[in-house]
Number of protein chains: 2
Amino acid sequence: MNRLLRVYLMDQVTIFNDYVRRKGLKNTSQRLTILEAFLGSKLHFSTEDLYFRLRKDHPKIGYATVHRTLKLFAECGIARELDFGDGQARFEPLNADQHHDHLVCTNCGLIIEFTEPQIEKLQEQVAAQYNFKIERHRHELYGLCSKCTKLS
Amino acid sequence: MNRLLRVYLMDQVTIFNDYVRRKGLKNTSQRLTILEAFLGSKLHFSTEDLYFRLRKDHPKIGYATVHRTLKLFAECGIARELDFGDGQARFEPLNADQHHDHLVCTNCGLIIEFTEPQIEKLQEQVAAQYNFKIERHRHELYGLCSKCTKLS
DNA sequence: GAAGAAATTGAAAATGACAATCAGAAAGCT
DNA sequence: AGCTTTCTGATTGTCATTTTCAATTTCTTC
Ligand SMILES: [Mn+2]
Ligand SMILES: [Mn+2]
Ligand SMILES: [Zn+2]
Ligand SMILES: [Zn+2]
């Protein structure tokens, strides 16, 4: 089994553990706790969201640790950091599933995920025109969701 | 000549003056100075960029005024505020030309503008699927430009 | 399982972009 | 000119994020 295939089959806990080992980091109870909460979390949460959720059962875990650990998750590839322009970073678990982008309702905050392979392909073609090598991209549509359109 | 057509033919100075009149704002020498610098500016500059550029000839103009005036330009539609995720808002003059999005080199900071009507159309279709009404969007491709790809 | 080196934690303080404040200045209407 | 409203610019406030640092924990090595 080649390395790439193995990576795709690894779950997020394994990816994180491997990263920790590879970088000479340490396994701490806090990191494990935050990892569990992270994986069981609803999508698109802020550091503050997760911090307050953790406080109930783990009041000793500090805000800075939650923040640093989420950054670590993003670094090792099990989290994606999002910015919907509201001045607060958001995170979502990343798995091997298909990439998606977001519709963001500017009225109620609803976030809809969408996948459009044709757009992905076209943006690759655009980049190719400029000999540009895409590392990541951000594609967000802001406006009113179905419910908020009716209300206004 | 209908109103819409006239708007498209108006230049940015006229749009701004109309906006000032309509909102009961005042014409000040600072706003005129900043407007001229803004229109003659290279694209995708930060508030700080413009502030320091203005300082040479207009050392009396304060940072807050530059900031407020750029926001005003965005409000009245002659500027677009951009966020390339580096923690600093950027601005570019907006005219009636075609909408564009950006390629951003994460190594040297080069910004390339691109236009892809098919992507615009596809994202409209995506929104329609969810009965979502798009007000604005953000589509940015981050990675290495041609030059930086060769160097690495 | 003790010892030592290295990383981590959490409370607090620092940072930095942006926004708000406010007294004096300027604009612009009558 | 007089008067009302807006504007300016130095300063201060705000707030998410990042850094600091002493105490603690992890983990390798004996
Ligand atoms: Mn998502
Ligand atoms: Mn541009
Ligand atoms: Zn909504
Ligand atoms: Zn470059």
Side-chain angles (χ1 to χ4, degrees), chain A residues 16-38 44-76 79-91 109, chain B residues 16-38 44-76 79-91 109:
Chain A
F16 180 68
N17 285 337
D18 279 13
Y19 188 79
V20 164
R21 196 171 305 118
R22 182 153 36 88
K23 292 278 184 176
L25 308 180
K26 291 178 176 174
N27 272 312
T28 66
S29 65
Q30 290 93 335
R31 281 177 179 166
L32 187 59
T33 300
I34 296 168
L35 180 57
E36 282 168 359
F38 166 72
H44 319 121
F45 58 87
S46 66
T47 305
E48 204 184 13
D49 289 339
L50 190 59
Y51 172 65
F52 281 115
R53 196 151 73 75
L54 280 165
R55 274 198 100 168
K56 296 168 195 160
D57 292 334
H58 306 277
K60 300 275 199 54
I61 295 184
Y63 187 94
T65 300
V66 175
H67 174 263
R68 284 181 294 222
T69 305
L70 285 172
K71 287 286 191 184
L72 195 57
F73 292 167
E75 252 177 64
C76 78
R80 180 156 67 141
E81 189 172 342
L82 303 163
D83 172 12
F84 294 147
D86 63 344
Q88 258 196 318
R90 296 178 179 280
F91 295 86
Chain B
F16 180 68
N17 286 337
D18 279 13
Y19 187 80
V20 164
R21 196 171 304 118
R22 182 153 37 87
K23 292 277 185 178
L25 308 179
K26 292 179 173 171
N27 272 311
T28 65
S29 64
Q30 290 91 337
R31 282 177 178 166
L32 188 59
T33 301
I34 295 168
L35 180 57
E36 282 169 0
F38 166 71
H44 318 120
F45 58 87
S46 67
T47 306
E48 203 184 13
D49 288 339
L50 190 59
Y51 172 65
F52 281 114
R53 197 150 71 76
L54 280 165
R55 274 197 99 170
K56 295 167 194 160
D57 293 334
H58 306 275
K60 300 274 198 57
I61 296 183
Y63 187 94
T65 300
V66 176
H67 174 262
R68 284 180 295 224
T69 305
L70 285 173
K71 288 285 189 182
L72 194 57
F73 292 167
E75 251 178 66
C76 79
R80 179 156 69 139
E81 189 172 342
L82 303 163
D83 172 13
F84 293 148
D86 63 344
Q88 259 196 318
R90 294 179 179 281
F91 295 86

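Order of the sequence lines sets the chain letters (A, B, ...), proteins ahead of strands, with each chain counted from 1.
Atoms CG (B:Leu54) and P (D:dT8) sit 13 Å apart, rounded to a whole Å. Rounded to an integer number of Å, the gap from A:Ile61 CD1 to C:dT8 C1' is 12 Å. One interatomic measurement links the two molecules: CZ of A:Arg22 to P of D:dC27, which rounds to 17 Å at whole-angstrom precision. We find that OH of B:Tyr51 is positioned 15 Å from C1' of C:dC18, with the value rounded to whole Å. Atom-to-atom, OH of A:Tyr19 to C1' of C:dA7 comes out at 14 Å; the value is rounded to the nearest Å. A:His58 has its NE2 atom 14 Å from the P atom of C:dT9, to the nearest Å. Following rounding to the nearest Å, A:Asn17 (CG) and D:dC27 (C1') show an atom-to-atom distance of 15 Å. Rounded to an integer number of Å, the gap from CG of B:Leu32 to P of D:dT8 is 12 Å.
For B:Asp83, there are no side chain to side chain donor-acceptor pair (under 3.5 Å) partners two or more places apart in sequence or in a different chain. Remark: B:Thr65 pairs with B:Arg68 by the side chain to side chain donor-acceptor pair (under 3.5 Å) rule, at least two apart or across chains. Residues satisfying the ring-ring contact (aromatic ring centres under 6.0 Å, His included) criterion with B:Phe16, sequence neighbours excluded, are B:Phe73. Annotation: side chain to side chain donor-acceptor pair (under 3.5 Å) contacts of B:Thr33 (sequence neighbours excluded): none. Legend: residues meeting ring-ring contact (aromatic ring centres under 6.0 Å, His included) with B:His67, ordered by chain and number and at least two apart, are absent. The side chain to side chain donor-acceptor pair (under 3.5 Å) check on A:Lys71 picks up A:Glu81, with sequence neighbours excluded. For A:Tyr63, the ring-ring contact (aromatic ring centres under 6.0 Å, His included) criterion is met by A:Tyr51, not counting sequence neighbours.
Bending across the helix from C:dG1-D:dC30 to C:dT30-D:dA1, expressed as the angle between its end axes from five pairs apiece, amounts to 30° (10° rounding).
Between the CZ atom of B:Arg90 and the CG atom of B:Leu50 there is a distance of 12.5 Å, given to the nearest 0.5 Å. Expressed to the nearest 0.5 Å, how far OG1 of B:Thr47 lies from CG of B:Leu70 amounts to 5.0 Å. Once rounded to the nearest 0.5 Å, the distance linking CG of B:Asp49 with NE2 of B:His44 reads 12.0 Å.
Residue pairs meeting the salt bridge (charged side-chain N to carboxylate O under 4.0 Å, His left out) criterion with at least one member in residues 24-38 of chain B, sequence neighbours excluded, do not occur.
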Review item, nucleotides 1-4 of chain C N/O atoms under 3.5 Å of protein N/O:
none

Under 3.5 Å between N/O atoms: give me all the protein pairs with nucleotides 23-30 of chain C, atom names plus distance.
{"unit_1": "C:dA27", "atom_1": "N3", "unit_2": "B:Lys26", "atom_2": "NZ", "d": "3.0"}
{"unit_1": "C:dG28", "atom_1": "OP1", "unit_2": "B:Asn27", "atom_2": "N", "d": "2.8"}

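Between B:Arg53 and B:Ala37 the shortest heavy-atom distance is NH2-O, 2.9 Å.
The shortest distance between side-chain heavy atoms of A:Asn17 and A:Asn27 falls below 4.5 Å.
Of the residues near DNA chain D, B:Gly24 and B:Gly62, the one whose nearest nucleotide (by heavy atom distance) lies more toward the 5' end is B:Gly24.
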Reading nucleotides 15-23 of chain D from 5' to 3' and marking B where a protein heavy atom lies under 4.0 Å of the base, S where only the sugar-phosphate is that close, and - otherwise, the string is -SBBBB---
